[in-house]
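Read through the structure below, which is laid out as C-alpha cells, and then see the notes.
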Amino acid sequence: MLQQRTLKSLTRAVGVGLHGGQRVEITLRPAQPDTGIVFRRVDLPEPVDIPVGTMAVSDTRMASTLSHGGARVNTVEHLMSACAGLGIDNLYIDITAEEVPILDGSSASFVFLLQSAGIELQNAPKRFVRIKKPVEVREGEGQNVKWARLDPFHGYKLSFEIDFHHPAVDSTGQRVEFDLSVHNYSRDIARARTFGFTKDVEMMRANGLALGGGMDNAIVMDDYKVLNAGGLRYDDEFVKHKILDAMGDLYILGKPLLASYSAFRSGHAMNNKLLRELLAHEDAWEVVTFENEKLAPKGYAQLARAW
Ligand SMILES: [Zn+2]
C-alpha cells in the first residue's frame, strides 16, 4: 500500500514575513491520518484552525492566502510546495502571525526542516486526485493571454512558460518542465527563489508591502541585471520558481494530483481558479489509492522507497 505521511517529530523555525516584515515563528507537528494540512493561528486570543483547501483561498494578489473563521494566513505557497515535493499528507502548522516566514525566498529551508524532523509512514492509504478529463482556465487575448490546464497523466508533471522580457531572463530560458518520476524536487526546484524588481519593491514598500523583502530572500533585479552578489542558483531560476509556486498552489487542493499541469503566464490567482474549475466538474476527477505500490506512478512510488 502506498501510505500517507506525516512527520516523526515536531520542528520549529523563526523568520520574518515578506510583506508585513514581522517576526513569526512556525512549529510543524505530526498529525493523524486524513487530517490534511492545517494551519493554526496560535497568536489569537483563541487559537483558530485554518485547514488547507481550495475554497479557503481568499486572496491571491501577491501570494496565496487562506482564511477560516475570521482568521487568515498569507504566503502559504512555498511551505505548501515543500510539503507537495516531499509527499507530506498530514501536518499541523502552528503560526504566531498572519504570514508564513519567507526564510530564503525558496522552499529549500522548509524541505530541510521537514527532512530533519523525519518522515513517518502512516497506516492509511495515500489518496490522490486523478484527472480523468482535461480542465482549463484562460484569460485575456493576444499579447495578454494566460492560461493553465490539467490533463490526465499517470504521474505528476508540470510545464510552465513565462513571457517575461528582461536581459537576465531572456538568456536563461522561458520554459521548464518538471516530472516527478524523472527529476528531483529538492535538488531541481526547491532552491529557486522568488524575484522582484528594485522599482517594484520601492512602490510596494510605499504601500506597506515587501517590508521584510531584500536580497537575502529574493532575486532582485534592476532594468539590466541581477543585483544579488551570488548571482542565480539555477540558470533558469525564474521559471523554476514559477513551478515551485504552482506546486504549492495546486497542493492547496488537499491531495496530490495524478495529472499533467501546463501553464502559460499563470500565477496564484489562476492556479486557484483552475482548482475551482476542477472541483466544479465532478466527472473530470476521482480519488484513488494504490493498494499495490508497484502500480503507483514511478515518482510517487520512489518517494515511498526513499523513506
Ligand atoms: Zn513564490
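Counting non-hydrogen atoms of other residues, nucleotides and ligands closer than 6.0 Å to CG of Asn123 gives a total of 12 or fewer. For Phe112, the CZ atom sits in a loose shell: 12 or fewer heavy atoms of surrounding residues, nucleotides or ligands are nearer than 6.0 Å. Within a 6.0 Å sphere centred on NE2 of His19, heavy atoms belonging to other residues, nucleotides or ligands number more than 12. For Lys132, the NZ atom sits in a packed shell: over 12 heavy atoms of surrounding residues, nucleotides or ligands are nearer than 6.0 Å.
Pro152 is not listed as a side-chain neighbour of Ser260, based on a closest heavy-atom distance of 4.5 Å or more. Looking at Leu274 and Tyr261, their side chains come closer than 4.5 Å, going by heavy atoms from C-beta outward. Counting only heavy atoms from C-beta outward, the side chains of Glu202 and Asp200 never approach each other to under 4.5 Å. Using a 4.5 Å cut-off on side-chain heavy atoms (C-beta onward), His183 and Ile189 make no contact. Contact check for Ser159 versus Arg175: side-chain heavy atoms found under the 4.5 Å cut-off. Contact of the Asp163 side chain with the Gln143 side chain is not registered, since no non-hydrogen atoms from C-beta on lie closer than 4.5 Å.
Of the residues Thr27, Leu28, Leu113, Asp94, the one that meets the side-chain contact (heavy atoms from CB on, under 4.5 Å) test with Arg12 is Thr27. With Asn272 as the fixed residue, the side-chain contact (heavy atoms from CB on, under 4.5 Å) test singles out one of Val137, Thr54, Asp249: Thr54.
Atom CD of Gln174 sits about 5.5 Å away from atom NE2 of His165, to the nearest 0.5 Å. With rounding to the nearest 0.5 angstrom, the CE atom of Met247 is 6.0 Å from the OH atom of Tyr185. The structure places CG of Leu2 at 9.0 Å from CG of Leu121, a figure rounded to the nearest 0.5 Å. The CD atom of Glu77 sits 16.0 Å away from atom OH of Tyr251, with the distance rounded to the nearest 0.5 Å. The distance from the CG atom of Leu91 to the CG atom of Leu10 is 10.5 Å, given to the nearest 0.5 Å. The CG atom of Asn217 lies 8.5 Å from the OG1 atom of Thr194; values are rounded to the nearest 0.5 Å.
Follow the hydrophobic side-chain contacts under 4.5 Å out from Trp147 and you never reach Leu275; the two are in separate clusters. Grouping the Ile, Leu, Val, Met, Phe, Trp and Tyr side chains by contacts below 4.5 angstrom, directly or via other members, places Val100 apart from Val16. Using a 4.5 Å cut-off between side-chain heavy atoms of Ile, Leu, Val, Met, Phe, Trp and Tyr, with links allowed through other members, Val287 and Phe153 fall into different hydrophobic clusters. Hydrophobic clustering (ILVMFWY, side-chain heavy atoms < 4.5 Å, transitive): Ile95 and Leu18 are in distinct clusters. Under the 4.5 Å side-chain heavy-atom criterion for Ile, Leu, Val, Met, Phe, Trp and Tyr, Phe39 and Met55 are members of the same hydrophobic cluster.
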Evaluate the side-chain contact (heavy atoms from CB on, under 4.5 Å) criterion for residues Lys199 and Asp223: first the C-alpha distance (whole Å), next the side-chain angles of each, then the deciding distance (0.1 Å), finally the verdict. CA-CA 9 Å; Lys199 57 186 180 199; Asp223 287 339; 3.1 Å; yes
Apply the test side-chain contact (heavy atoms from CB on, under 4.5 Å) to residues Ile37 and Ile93: give CA-CA distance (whole Å), side-chain angles for both, the deciding distance (0.1 Å), then the verdict. CA-CA 8 Å; Ile37 297 178; Ile93 303 162; 3.7 Å; yes
Please evaluate residues Val52 and Val76 with respect to the criterion side-chain contact (heavy atoms from CB on, under 4.5 Å), reporting the C-alpha separation (whole Å), side-chain torsions for both, the decisive distance (0.1 Å), and the verdict. CA-CA 10 Å; Val52 165; Val76 300; over 6 Å; no
Could you walk me through whether Val226 and Met221 pass the side-chain contact (heavy atoms from CB on, under 4.5 Å) check? CA-CA 4 Å; Val226 169; Met221 290 169 282; 4.0 Å; yes
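When all heavy atoms are compared, the tightest approach of Ser266 to Phe160 is O-CZ, 3.3 Å. Closest approach of Asn90 to Ala31, counting heavy atoms only: CB-O, 3.6 Å. Heavy atoms only, all atoms of each residue included: Arg191 and Ala108 are closest at CG-CB, 4.0 Å. The minimum heavy-atom distance linking Ile252 with Ser64 is given by the pair CD1-CB, 4.1 Å. The nearest pair of heavy atoms linking Phe110 to Ala82 is CB-CB, 3.6 Å. Closest heavy-atom contact between Ile131 and Ala259: CG1-CB, 3.4 Å.
Side chain to side chain, Asp245 and His78 meet the donor-acceptor criterion of an N or O pair below 3.5 Å. Side-chain N/O atoms of Arg193 and Ser106 include no donor and acceptor closer than 3.5 Å. Judged by distance alone, the side chains of Asp222 and Thr198 never bring a donor and an acceptor atom under 3.5 Å apart. No side-chain donor from either of Gln122 and Thr6 sits under 3.5 Å from a side-chain acceptor of the other.
A donor-acceptor pair is defined here as one N or O able to donate and one able to accept, closer than 3.5 Å; no such pair exists between the side chain of His268 and the backbone of Ala63. Distance alone, capped at 3.5 Å, is enough to place a donor-acceptor pair between the Arg205 side chain and the Gly213 backbone. A side-chain donor-acceptor contact under 3.5 Å links Lys8 to the backbone of Ile119. Asn184 contributes a side-chain N or O that, together with a main-chain N or O of Arg187, makes up a donor-acceptor pair within less than 3.5 Å. Checked by atom type and distance alone, the side chain of Ser9 pairs as donor or acceptor with a backbone atom of Ala117 at under 3.5 Å. In this structure a side-chain-to-backbone donor-acceptor pair under 3.5 Å is missing from Asn228 to Gly230. A distance-only check finds no donor-acceptor pair linking the side chain of Asn271 to the backbone of Leu250 [under 3.5 Å].
Judged as a salt bridge (charged side-chain N to carboxylate O under 4.0 Å, His left out), the pairs with a partner in residues 255-276 (not counting sequence neighbours) are, in order, Glu139-Lys273. Every pair passing side-chain hydrogen bond (donor to acceptor under 3.5 Å, both in side chains) that includes a residue from residues 30-50 is listed here, sequence neighbours excluded: Gln4-Asp34, Asp34-Arg127, Arg40-Asp49, Arg41-Asp43.
Scored by the side-chain hydrogen bond (donor to acceptor under 3.5 Å, both in side chains) test, Ser109 finds no partners at all (sequence neighbours excluded). By the salt bridge (charged side-chain N to carboxylate O under 4.0 Å, His left out) test, Asp104 pairs with Arg233, sequence neighbours left out. Checked against side-chain hydrogen bond (donor to acceptor under 3.5 Å, both in side chains), Glu177 has no partners two or more places apart in sequence or in another chain. Residues satisfying the side-chain hydrogen bond (donor to acceptor under 3.5 Å, both in side chains) test with Asp89, not counting sequence neighbours, are Lys126.
Between Tyr156 and Tyr300, the ring-plane angle classifies as parallel under the 30° and 60° cut-offs.
Between Phe197 and His166, the ring centre distance stays below 6.0 Å.
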